[in-house]
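Inspection log for the structure reproduced underneath, given as structure tokens.
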Amino acid sequence: KPAKRLSSDSTNSHEGATAGELSALEEAFRKFAVHGDTRATGKEMHGKNWSKLCKDCHVIDGKNVTTTDVDIVFSKIKGKSCRTITFEQFKEALQELSKKRFKGKSDEEALQEIYKLIEGKGPELFGVTKTVASPTVTRLTDTSKFTGSHKERFDSSGKGKGKAGREDLVDNSGYVSGYKHAGTYDHKVQGNK
């Protein structure tokens with residue numbers, strides 16, 4: 001715990017203990033705000049990323065807070081014509097949810113608890129798409145069983161040869177294909193001098 005005390009002392013903010021935590025909260029907000037959107041600045045968050053944050057950080061517990069609650073709070077907090085929320089609105093939304101998520105605690109305590117769930121977190125990337133190993137697909141993608149011209153496209157380890165495996169590369173060396181002593185002419189001529 002002393003690390004947290006250190007960070008709040010170094011910020012010299014009137015908010016005291018929460019100052020150190022807010023930066024971690026803002027960091028989490030930014031990570032989720034830019035997730036999956038290349039044009040995002042990290043200053044605003046879409047509803048989709050807001051629900052992802054609530055899921056990944058376990059704000060949604062399925063009992064007190066559900067996905068529906070999260071969506072309702074988002075709609076309530078954002079402006080009528082807006083599709084995103086700012087960091088300030090994000091904190092308001094969390095305040096709304098903290099009352100539901102931590103019912104027995106005071107508003108301040110509940111807010112601290114919900115901050116702890118989110119601080120320093122980023123979007124979870126694992127388990128996004130699951131691949132199913134089906135025997136059919138495995139059989140079709142096993143390069144060792146390929147025949148004909150397709151066989152030429154992979155080396156013995158099953159790695160693709162790229163361009164060399166797809167095209168008939170033209171030999172412009174001037175030698176007849178299959179000639180065993182190709183490339184030895186210069187060597188012979190220099191040897192005779």
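When reading the values below, keep in mind they use all heavy atoms of this one structure, side chains included, and skip hydrogens, waters and symmetry mates. Each residue takes its place number in the sequence, starting with 1. Bear in mind the structure is a predicted one, so any value in this text is a computation, not a measurement.
Inter-residue side-chain proximity for Leu94 and Ile118 is flagged as met; some heavy-atom pair is nearer than 4.5 Å. Residues Lys105 and Glu113 form a side-chain contact, since some pair of their non-hydrogen atoms from C-beta on lies under 4.5 Å apart. No side-chain heavy atom of Lys99 sits less than 4.5 Å from a side-chain heavy atom of Leu111.
With hydrophobic clusters built from ILVMFWY side chains whose heavy atoms lie under 4.5 angstrom apart, Tyr115 shares a cluster with Val65.
With hydrogens and angles ignored, the 3.5 Å screen pairs no side-chain donor or acceptor of Asn64 with any backbone N or O of Phe102. Between the side chain of Asp56 and the main chain of Pro123, no donor-acceptor pair closer than 3.5 Å is present. A donor-acceptor pair is defined here as one N or O able to donate and one able to accept, closer than 3.5 Å; no such pair exists between the side chain of Trp50 and the backbone of Met45. The backbone N or O of His58 sits less than 3.5 Å from a side-chain atom of Arg101, completing a donor-acceptor pair.
Atom CZ of Phe74 sits about 15.0 Å away from atom CG of Asp69, to the nearest 0.5 Å. Atom CD of residue Glu108 and atom CD of residue Gln95 lie 8.0 Å apart, to the nearest 0.5 angstrom. With rounding to the nearest 0.5 angstrom, the CG atom of Leu97 is 5.5 Å from the SG atom of Cys54. Annotation: the span from Cys57 atom SG to Ile114 atom CD1 amounts to 9.5 Å, rounded to 0.5 Å.
Checked against side chain to side chain contact (heavy atoms under 4.5 Å, CB included), Thr68 has the following partners two or more places apart in sequence or in another chain: Thr66, Ile72.
In this structure, Gly42 and Ala33 approach most closely via the heavy-atom pair CA-CB, 3.8 Å. The minimum heavy-atom distance linking Lys121 with Leu117 is given by the pair NZ-O, 2.8 Å. Annotation for Lys31 and Gly120: closest pair NZ-O, 3.8 Å, computed over non-hydrogen atoms.
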Solution key, residues 77-88 side-chain donor-acceptor pairs under 3.5 Å, sequence neighbours excluded:
{"residue": "Lys78", "atom": "NZ", "partner": "Cys82", "partner atom": "O", "Å": "3.3"}
{"residue": "Thr86", "atom": "OG1", "partner": "Gln89", "partner atom": "N", "Å": "3.3"}
{"residue": "Thr86", "atom": "OG1", "partner": "Gln89", "partner atom": "OE1", "Å": "3.4"}

For Leu25 and Lys91: C-alpha separation, side-chain torsions, deciding distance, then whether side-chain contact (heavy atoms from CB on, under 4.5 Å) applies. CA-CA 9 Å; Leu25 186 72; Lys91 287 197 289 190; 4.3 Å; yes
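Using bins of under 30°, 30° to 60° and over 60° for the plane-to-plane angle, the ring pair Phe29/Phe90 lands in the tilted bin.
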